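What you see is a predicted model; the values in this text were computed from it and never measured. Just so it is clear: chains get the letters A, B, ... in the order the sequence lines come, proteins before strands, and each one is counted from 1.
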Amino acid sequence: MVPHVTALPVVVPFITAAVLVILRPLSRRWVNDAVSIAGVTTVIVLCAILLERSARRPFAYWMGGFKPVHDVTIGISLSLDPLGAGLALFSAVLVLASLAYSAHYFDAVDGLFHALMLLFGAAMVGFSLTGDLFNLIVFFELMGAAAYALTGYLIEERAPIQGAINFAITNSIAGYAMFIGVALLYARTGALNMAQIGLALDRHGADPLVVVAMVLLFIGFLTKAAAVPVHFWLADAHAVAPVPVCVLFSGVMIELGVYAVARLYWVIFAGPMHPHMAALRAILVAVGVVTALLGALMCFQQRHIKRLLAFSSIAHIGVFICGIGLLSARALAGVAVYVVGQGLTKGALFMTTGVLLHRFKTVDEYELHGRGREIPVVGVLLAIGGLMLAALPPFTLFAGKSLLEDSAASAGYGWLIVVFVIASVATGAAILRVTGRVFLGCGPADAPGAGQARAARVTEEEMQDRPDHTPPMMVVVPVLLLVLTVAVALIPGAVPAVEEAAARFTDHAAYARWVLAGQAVHWPAVAPSHISAADVLYSAGSVLGAVVLAAFGLFGRPLRRRVPAAIGVPWLRALHTLRDLHSGHIGDYIAWWTAGTSLLGAICLLTLA
Amino acid sequence: MSRRARLTLFAIAGPGLAAVLIIGFRGLPAFGDYHDVYGLVVNGVELSMRHATDYVTALNFDVRAFDTLGEEYILFASVLGVTLLLRVMRGEDEEYRAAEHGMSGSSDAVRLAALLLIPSLIALGVYLVIHGALTPGGGFQGGIVLAAAPAAILIAGRYLELKVLCPTRAIEAAEGIGALGYCLLGLGGLIFASVYFKNFLPAGNPGQLLSAGFMPLNSIAVGLEVMGAFLIVWTAFLDQALLVRRRTGEAT
Amino acid sequence: MTVLQIVALAAVALGGGAVALTSDPLRQTLVLGIFGLTLVFLFFAFQAPDVALSEIVVGTIGLPLIVVATLRKIAEQERTRPSDEDAE
Amino acid sequence: MSFLPYAVAAWLFGVGLWGVVSSRHMVRTIISLAVVQSATYVLLLAIGYRSGGQAPIAADIPPVAKLVDPTVQVLVLTDVVIEATVSALLLALVIQAHKRFGSVDPSDLRPLRD
């Protein structure tokens with residue numbers, strides 16, 4: 001009934017990593033590449049099998065055979081539903097893509113890089129599959145340990161060290177907050193399995209203890225997801241990590257934080273929070289809106305392309321948090337589709353940036369002015385990516401965004417559509433502006449902000465030599481990712497299948513039944529949503545808006561001078577303040593973290609308990 | 001933000017966070033009033049099924065063995081990370097003279113003490129590792145004690161002899177074999193008992209060394225890994241502190 | 001709650017405060033070691049010998065060794081190049 | 001009085017965060033992080049404690065005796081391992097930071113300043 005291979009997607013990369021380390025003195029670069037790629041490919045096959053099985057019927061796999069007796073369990077389960085399994089598959093695909101990309105990208109330190117990437121992948125897969133709250137945190141910490149080291153990979157540089165330190169400290173504190181959350185829930189329910197905790201809380205209802213536990217767990221995962229105001233680490237870390245690692249950070253790691261919030265809500269807190277759904281929805285949507293707008297604003301400000309992409313990820317995370325916060329199955333389906341499209345596109349964009357870094361040793365937009373003309377193919381990729389981010393119909397990001405917009409409208413949050421459009425316009429426009437400046441030589445070649453230019457240059461030995469020759473793999477992989485972005489939502493039945501999966505994911509009562517009792521649950525068929533004319537209109541508008549905004553970014557300097565000082569000066573001052581807040585000082589970040597946590601806690605205690 | 005602004009923000013937010021925590025903690029049962037099922041179920045299961053007597057180790061290596069797997073690989077990943085981050089860079093040399101210079105000054109009596117310390121640490125470590133399922137201790141604690149045994153050479157001021165005694169590559173291989181072994185023991189469960197991490201060895205008599213099914217083997221695998229892990233981390237840091245120097249007359 | 005537990009908790013609270021409020025890192029390492037011992041004491045008082053044993057090995061050997069090595073490395077680097085801080 | 005362990009946990013969390021926020025030396029930041037983490041040890045063990053309970057080891061006592069909860073102790077064991085590993089990674093980063101920046105004051109570790 002339950003596939004025997006269920007544990008293997010986590011175990012295979014563990015074994016592969018250990019073997020790589022044992023054989024490190026003997027192995028050659030190509031052996032490391034081949035072994036790690038083979039390991040990840042196995043994981044992909046296994047995840048695909050599990051996805052297929054769980055789509056037919058979700059199931060729990062009990063480690064060591066410690067099955068629950070009368071709904072009480074002491075064992076650890078992997079609880080597989082199609083959304084979790086799909087996310088595991090998606091993580092594995094991105095790991096494969098970045099390993100393939102890095103095979104010709106840089107001189108990886110003999111095997112250590114590969115082993116860490118495998119462990120990172122294993123952690124993401126385990127995180128998506130596990131049904132045990134504490135196990136979830138173990139995988140969170142494993143993901144962290146591998147990610148901190150990978151961020152600081154380029155030890156010859158300043159920025160990666162600082163980025164890794166801020167990343168590690170912020171995420172560790174988030175982890176401790178989650179430990180306290182788990183402790184509170186364990187004290188209340190005597191359980192660590194998420195389904196069992198949810199079942200126990202259904203009987204108790206919400207009280208301050210449950211609310212505080214929820215706040216601590218949510219803030220922990222929102223820190224991973226980089227929600228405002230606990231997002232500060234992200235730009236530091238994503239701007240400096242090696243490109244193949246950035247692909248995983250932006251493409252799937254931070255999205256896993258959002259996934260965990262959704263999972264915890266629907267499995268654990270949906271029962272006690274049911275009477276307060278409207279308030280919780282308002283709180284989460286507010287967090288999402290602030291995150292999306294700040295990300296969009298900061299994204300368009302950047303000239304350091306990797307930092308620009310990092311802030312565009314924050315904008316998208318804001319959109320995802322809004323989607324989760326709507327607390328409906330359809331919005332969740334929208335987020336799932338959007339995550340896949342965004343992850344693939346963002347991965348391709350980071351890889352494209354990697355080509356620029358490889359060839360010109362800088363990712364500063366102004367320094368690269370017009371220099372991209374020698375590699376027009378890369379420019380085409382960048383432009384396509386920009387249009388995708390602007391939600392060009394009828395591709396994957398558009399499909400996800402339409403679902404989100406429909407469910408926002410039907411939840412009475414129609415104004416959210418404006419936020420979604422702003423996020424699409426700003427992130428798309430920023431990429432199109434870079435394309436215009438770097439590959440077409442549009443706009444001026446100089447601008448204030450020499451500090452950022454210096455930071456964008458590299459002196460390290462990250463790359464292999466021969467920069468005038470771009471290895472074909474570095475173009476092939478992003479092309480494949482963009483092809484997937486185009487294709488996924490166009491596969492007949494793909495989006496309805498995600499809607500089906502989201503409906504199962506959000507069925508709080510059924511989850512406890514299929515996990516703890518192993519019962520088959522019969523869900524009613526979900527009527528697939530249809531794309532309305534309004535959706536196409538919004539997206540056409542956002543693509544157009546992105547093009548116009550990009551043009552403004554390139555040619556708008558004369559226009560900007562005409563803005564009256566009464567508006568222009570305070571606006572610039574506000575932008576400056578905002579930029580200064582992203583100071584890189586870990587003390588600042590933790591002070592903001594504390595402020596965000598206590599604010600969220602206070603609001604939740606006042607409205608939800 | 002200025003230092004002052006930062007501290008002011010925290011002065012407001014910190015007490016707020018403390019208040020949120022306290023409000024949450026007030027819902028906890030009074031200290032000492034624990035009466036939940038999980039622990040009691042475990043206590044029953046482990047003694048009756050596995051004949052393990054230390055329930056903490058039993059949970060670690062049996063019921064929640066999968067958590068321990070994750071935990072072992074957290075350690076493994078951070079050892080890889082430390083190795084990666086503390087690698088010798090361009091413009092740096094390992095100066096072997098510096099080490100002896102920096103560590104000299106130990107008297108003969110201290111050296112003798114260190115020499116005597118080593119076998120007792122090894123004995124203690126081995127005891128902790130293999131008796132994990134019976135008495136307090138287990139692979140993790142025993143592993144660190146075992147790692148401390150060669151590190152005791154430091155007290156004698158002979159860092160380079162530690163490096164000769166424990167060549168990095170060999171230690172790294174030992175660590176990898178420990179981590180791999182733990183994975184494979186889980187796989188043994190899948191092969192012989194058709195579930196990952198299911199015990200596939202006889203339970204034995206409670207209190208005896210070879211009881212508690214595969215737990216002693218798990219403990220040994222973890223012990224090997226932890227020993228290797230700590231030795232690698234320690235030597236990586238000590239290398240930096242004692243050996244690695246910037247090449248003189250050269251910018252970074 | 002026994003007197004032993006109250007004493008242990010008070011010691012941990014004071015020790016934790018002392019660690020976080022000491023600003024000189026070398027002295028802080030020493031205070032951290034003492035704080036580790038108060039935690040060990042607390043773990044025994046809470047009937048957690050396995051955890052106490054872990055804390056002994058991590059808190060008295062595992063961590064201090066690398067903290068001291070780090071401080072030593074930093075001190076050595078401060079000695080050998082006091083002037084060229086802005087070198088890149 | 002029975003709230004004391006929980007109050008101590010909240011105190012450790014807060015005072016550790018203060019140490020991180022006010023630090024002028026990265027090593028101090030990392031040591032303060034360990035204080036934040038110790039809050040979780042105290043809380044977890046306090047939750048699993050039963051008045052008059054014995055350590056969860058059957059070798060010394062008749063198996064029917066009242067035992068404290070072993071589960072929280074397992075969680076704390078994992079916690080201790082995480083403390084050791086994260087600290088090691090961070091200290092390694094601090095050594096490199098000092099090589100690159102010539103300082104370990106968080107105020108000096110700002111590569112992206114204009």
Side-chain angles (χ1 to χ4, degrees), chain A residues 4 7 11 14-15 17-19 21-22 24-25 62-66 72 74-76 109 112 115-116 119 122 126 134-135 138-139 141-142 145-146 148-149 152-153 155-156 180 184 187-188 190-192 207-209 211-213 215 581 583 585 587-588 591-592 594-595 597-598 601-602 605, chain B residues 1 6 9-10 12-14 16-17 19-21 23-29 36-38 41-42 45 62-67 69-71 73-74 76-78 80-85 87 89-90 169 172-173 175-177 179-180 183-184 186-187 189-190 193-199 252:
Chain A
H4 288 304
V11 176
F14 279 170
I15 292 177
V19 169
V21 170
I22 295 170
R24 205 155 79 87
W62 295 93
M63 290 293 163
F66 290 93
V72 172
I74 57 171
I76 295 175
V109 177
L112 291 176
L116 279 168
L119 295 181
F134 189 73
N135 198 235
V138 168
F139 281 119
E141 296 283 353
L142 176 58
Y148 312 148
Y153 184 90
I155 53 170
E156 311 260 324
I180 293 187
L184 289 175
R188 170 56 54 85
L192 291 171
D207 67 358
L209 180 139
V211 171
V212 170
V215 166
L581 286 182
S583 60
H585 191 296
D588 288 356
W592 282 111
T594 314
T597 309
S598 50
L605 281 171
Chain B
M1 276 200 290
R6 173 165 64 247
L9 177 63
F10 187 82
I12 300 163
L17 179 62
V20 169
L21 289 179
I23 292 170
F25 292 172
R26 288 184 70 84
L28 289 170
D36 264 317
V37 279
Y38 194 125
V41 173
V42 172
V45 167
D62 192 7
V63 181
R64 300 194 70 87
F66 194 61
D67 270 351
L69 179 68
E71 180 192 317
Y73 274 88
I74 293 175
F76 193 71
S78 55
L80 294 179
V82 168
T83 314
L84 189 70
L85 295 172
R87 63 184 185 259
M89 294 185 298
R90 282 181 309 181
R169 296 283 172 164
E172 205 169 80
E175 190 218 4
I177 289 168
L180 183 68
C183 264
L184 293 181
L187 216 52
L190 184 60
S194 80
V195 181
Y196 197 75
F197 268 127
K198 194 174 169 87
N199 179 42
T252 311

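- The side-chain hydrogen bond (donor to acceptor under 3.5 Å, both in side chains) test applied to A:E141 returns no partner, not counting sequence neighbours.
- Across A:S598 and B:L17, no two heavy atoms sit closer than the pair CB-N, 3.4 Å.
- Looking only at heavy-atom pairs under 4.5 Å with chain A, the residue among B:L184, B:L187, B:I12, B:L28 that has the most is B:L28.
- With a 4.5 angstrom heavy-atom cutoff, A:D207 does not touch chain B via any of its atoms.
- The closest donor-acceptor contact from the side chain of B:R87 to the backbone of B:L84 lies under 3.5 Å.
- Interface remark: B:L190 contributes side-chain atoms only to the contact with chain A (heavy atom separation under 4.5 Å).
- Between chain B and the options A:L142, A:D588, A:I22, the largest number of non-hydrogen pairs under 4.5 Å is found for A:D588.
- Remark: A:V212 engages A:L184, A:L216, A:L605, B:V20 in a side-chain contact (heavy atoms from CB on, under 4.5 Å) (not counting sequence neighbours).
- The two atoms that bring A:R24 and B:T83 nearest to each other are NH2-CG2, 4.0 Å, heavy atoms only.
- Distance check, rounded to the nearest 0.5 Å: CD of B:E71 to CG of A:N135 gives 11.5 Å.
- Put simply, of A:L119, A:I180, A:V11, A:I155, the one with the most heavy-atom pairs under 4.5 Å next to chain B is A:I155.
- Ranking A:P25, A:G126, A:A602, A:A122 against chain B, the residue ahead of the rest is A:P25, based on heavy-atom pairs under 4.5 Å.
- Across all their heavy atoms, B:L85 and A:G152 have their closest contact at CD2-O, 3.4 Å.
- Contact tally against chain A (heavy-atom pairs below 4.5 Å) for B:Y196, B:F76, B:F10: the top residue is B:Y196.
- The contact between A:H585 and chain B is made entirely by side chain atoms (from C-beta outward), counting heavy-atom distances below 4.5 Å.
- Ring-plane geometry between A:F14 and B:Y73 is classed as parallel, the angle between the planes falling under 30 degrees on a 0 to 90 degree scale with a further cut at 60.
- Of the two parts of A:W592, the backbone and the side chain both hold a non-hydrogen atom closer than 4.5 Å to a non-hydrogen atom of chain B.
- Proximity to chain B (any heavy atom under 4.5 Å) is shown, for A:I15, by both the backbone and the side chain.
- Contacts between A:L116 and chain B at a heavy-atom distance below 4.5 Å involve backbone atoms as well as side-chain atoms.
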